[in-house]
Visitor: 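Attaching a single structure in structure tokens format; questions to follow.
Numbering of ligands and ligand atoms starts at 1, following listing order. All of these numbers come straight from a predicted model, not from anything done at the bench. Computed over heavy atoms, backbone and side chain alike; hydrogens, waters and symmetry mates excluded.
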Amino acid sequence: MSKHKLEEEAQTAKQDKKRRRKERKEARRHEDITPSSTDATAHSTPAPDNEDDGATYKPDPSLIALPQAAVDEFLKSQSVQIDDPKGTNLRPILAFTQLSSELATQFKSVFSSFDKPSPIQSASWPFLLSGRDFVGVAETGSGKTIAFGMPLVFRLSALGKKKGIRAVIVAPTRELAIQVFEQIDKLCKTAHKLKPVCIYGGTNKDEQRRSLQGANVVVATPGRLKDFMSDGTVDLSKTRYLVLDEADRMLDKGFEDDIKHIISQMPSSSKRQTAMFTATWPKSIRDLAATFMKDPVKITIGRNAEEDSGELRANTRIVQKVEVMDGFAKQSRLLELLKEHTAGKKRNDRILVFCLYKKEAFRIENFIRSRGYDVAGIHGDMAQSARIASLEAFKSGSVSLLVATDVAARGLDIPEVKLVINVTFPLTAEDYVHRIGRTGRAGKEGLAITMFTEQDKPLAGALINVLKAAKQDVPEDLFKFGTTVKKKQHDAYGAFYREADEGKKATKITFD
Ligand SMILES: Nc1ncnc2c1ncn2[C@@H]1O[C@H](COP(=O)(O)OP(=O)(O)OP(=O)(O)O)[C@@H](O)[C@H]1O
């Protein structure tokens with residue numbers, strides 16, 4: 001070929017390349033600025049490291065064919081707020097049949113237990129399957145675990161067998177890590193090539209170290225994960241997916257440094273998909289959360305823009321009763337309540353009793369037992385094996401009364417908890433919302449009874465707001481403590497169950 005011809009071809013190739021680049025740029029710009037509620041286009045976040053994880057999300061034809069009225073009705077009836085800085089506006093997946101056939105087939109065994117996706121699943125899946133960073137705020141017991149778990153496992157399985165840890169899910173307590181792991185394990189079983197493991201404090205490290213060999217999905221509490229990072233057992237440099245479950249708790253002062261350290265060992269946010277899920281999303285941690293994510297989509301379920309700017313919301317199927325009383329009257333009132341709620345047909349109803357301090361929980365457990373009830377306890381001073389045994393007994397129903405500290409406040413999915421009794425109010429209104437959220441799960445009804453004393457006065461305003469927002473009665477007595485809501489301090493958040501991850505002895509016990 002002549003020199004001239006070669007030069008001509010090189011010139012044409014260069015122009016072609018330039019044109020294609022321009023077209024791609026134009027397409028991207030168009031995608032960014034064109035909100036389309038019936039979006040039929042494919043969406044994707046480029047896969048880092050040239051690994052294809054199926055992040056190109058194409059809505060199934062059945063979803064595209066869905067009348068817009070059905071989508072609008074869903075968004076309105078579930079009060080779904082979608083805040084997407086890119087304005088992509090993907091349609092929610094309202095039925096399992098509206099997933100691609102590949103997805104529906106892979107997770108058939110998991111979906112078969114449910115009628116349809118829960119609202120947070122419907123709204124989050126399209127974005128998570130597209131590879132977007134994500135903040136999901138939805139009431140307690142609304143299926144957030146499968147909301148983040150299914151897309152994570154799907155995308156990981158699309159990657160194929162890869163060495164190294166690709167996904168990390170962090171949870172605040174050991175019991176919650178175990179529970180999340182059980183769900184993730186079920187999802188991973190659909191893929192055949194994924195090895196999930198669970199690592200948490202208070203148990204033998206050697207066994208966990210062995211289990212980490214060949215693992216690509218890790219569900220962990222932060223303390224033990226950090227331990228394994230520092231001794232070189234765990235290498236997070238290939239992590240593609242990070243989930244913070246109970247994200248506000250993971251980002252508050254108690255865990256902030258651990259989380260920062262863990263994330264610092266992962267690829268940058270542009271090479272990682274980060275998802276945060278929670279039922280409570282206080283303003284105090286939102287800026288920090290943003291530093292770990294890239295253009296996250298935020299979806300909130302159950303709030304109307306005009307009535308709520310993201311403030312605290314309890315599950316509205318829980319009837320909340322608050323009794324203002326003198327601290328000395330608590331034990332006798334507790335006995336009355338137990339008598340009333342275990343009478344007749346309610347004999348085997350599961351009741352969860354919350355205390356604030358470990359010693360208090362221990363004392364209340366013994367007090368209840370001394371009155372003839374079969375009861376178990378769970379708090380941070382107990383050996384991990386005893387904690388797990390108590391929880392198992394309560395879950396299986398062999399014991400129907402459990403006395404707990406806030407170590408059991410978040411995330412635990414215990415079937416058929418009919419009543420939550422707060423003997424002592426927690427340190428924050430957020431913790432209150434999580435505690436009572438142990439009942440009324442997966443669409444069921446629940447009841448929460450809270451003893452409130454003069455000592456809890458600083459939280460009266462926040463509690464009144466939670467009650468009002470859920471359209472619950474506010475007792476007159478509560479107003480006498482004032483309605484001012486103190487701005488939540490970044491470091492004043494559920495400080496008492498840091499123990500859960502450390503296994504340290506408490507130093508702050510002042511009760512009694
Ligand atoms: N689509 C669905 N339909 C009905 N039930 C579901 C669905 N998805 C999940 N569940 C069930 O709902 C229950 C609560 O789910 P999950 O524990 O994930 O809630 P959560 O939103 O994480 O709650 P929390 O905020 O308290 O952590 C579980 O028992 C789960 O199996």
Visitor: Determine whether more than 12 heavy atoms belonging to other residues, nucleotides or ligands lie under 6.0 Å from atom CG of D473.
Guide: no
Visitor: Check each atom of ligand 1 against the heavy atoms of D413 and keep those under 4.0 Å away; list them by number with element.
Guide: 13 (C), 14 (C), 17 (O), 28 (C), 29 (O)
Visitor: Report the member of F114, F96, F111 with the shortest heavy-atom distance to atom 6 (C) of ligand 1.
Guide: F114
Visitor: Quick one: are the ring centres of F107 and W125 less than 6.0 Å apart?
Guide: no
Visitor: Is G437 close enough to touch ligand 1? Criterion: a residue heavy atom under 4.0 Å from a ligand atom.
Guide: no
Visitor: Which residue holds the protein heavy atom closest to atom 25 (O) of ligand 1, what is that atom called, and what is the gap in Å?
Guide: K144 NZ, 2.7 Å
Visitor: Considering non-hydrogen atoms of the protein only, which is the closest contact for atom 12 (O) of ligand 1, and what is the distance?
Guide: A442 CB, 3.4 Å
Visitor: Using a strict cut-off of 4.0 Å, indicate which atoms of ligand 1 neighbour a heavy atom of P117.
Guide: 1 (N)
Visitor: Closer than 4.0 Å to some heavy atom of G141 - which atoms of ligand 1 meet that?
Guide: 14 (C), 19 (O), 20 (P), 21 (O), 23 (O), 24 (P), 25 (O), 26 (O)
Visitor: Under 3.5 Å between some N or O of ligand 1 and some N or O of A279?
Guide: no
Visitor: Should we say atom NZ of K116 is surrounded by more than 12 heavy atoms from elsewhere, each under 6.0 Å from it?
Guide: no
Visitor: Which ligand 1 atoms are under 4.0 Å away from a heavy-atom of R441?
Guide: 14 (C), 16 (P), 17 (O), 19 (O), 20 (P), 23 (O), 24 (P), 26 (O)
Visitor: Which atoms from ligand 1 have a heavy atom of R438 less than 4.0 Å away?
Guide: 26 (O)
Visitor: Atom CG in L419, atom CG in L337: separation rounded to 0.5 Å?
Guide: 7.0 Å
Visitor: Output the distance between atom NZ (K144) and atom CG (D245), rounded to the nearest 0.5 Å.
Guide: 8.0 Å
Visitor: Where is the tightest heavy-atom contact between I64 and R91, given as atom of each residue plus distance?
Guide: O-NH1, 3.3 Å
Visitor: Report the part of R410 (side chain from C-beta onward, or backbone N, CA, C, O) that has a heavy atom under 4.0 Å from ligand 1; answer both or neither where that applies.
Guide: neither
Visitor: Are Y57 and F127, when compared by the centres of their aromatic rings, separated by less than 6.0 Å?
Guide: no
Visitor: Roughly how far, to the nearest 0.5 Å, is the CD atom of Q106 from the OG atom of S100?
Guide: 9.0 Å
Visitor: How many angstroms lie between CZ in F292 and CE in M266, if you round to the nearest 0.5 Å?
Guide: 10.5 Å
Visitor: What atoms of ligand 1 come closer than 4.0 angstrom to any heavy atom of S142?
Guide: 19 (O), 20 (P), 21 (O)
Visitor: At a 4.0 Å threshold, what atoms of ligand 1 neighbour a non-hydrogen atom of E246?
Guide: 27 (O)
Visitor: Quick test of your reading of the structure: of V433, T145, L412, I120, whose heavy atom lies closest to atom 16 (P) of ligand 1?
Guide: T145
Visitor: Less than 4.5 Å apart, any side-chain heavy atom of H434 and any of D406?
Guide: no
Visitor: What's the shortest distance from atom 8 (N) of ligand 1 to any protein heavy atom, and which residue and atom give it?
Guide: Q121 NE2, 2.9 Å
Visitor: For ligand 1, which atoms sit closer than 4.0 Å to a heavy atom of K116?
Guide: 1 (N), 2 (C), 3 (N)
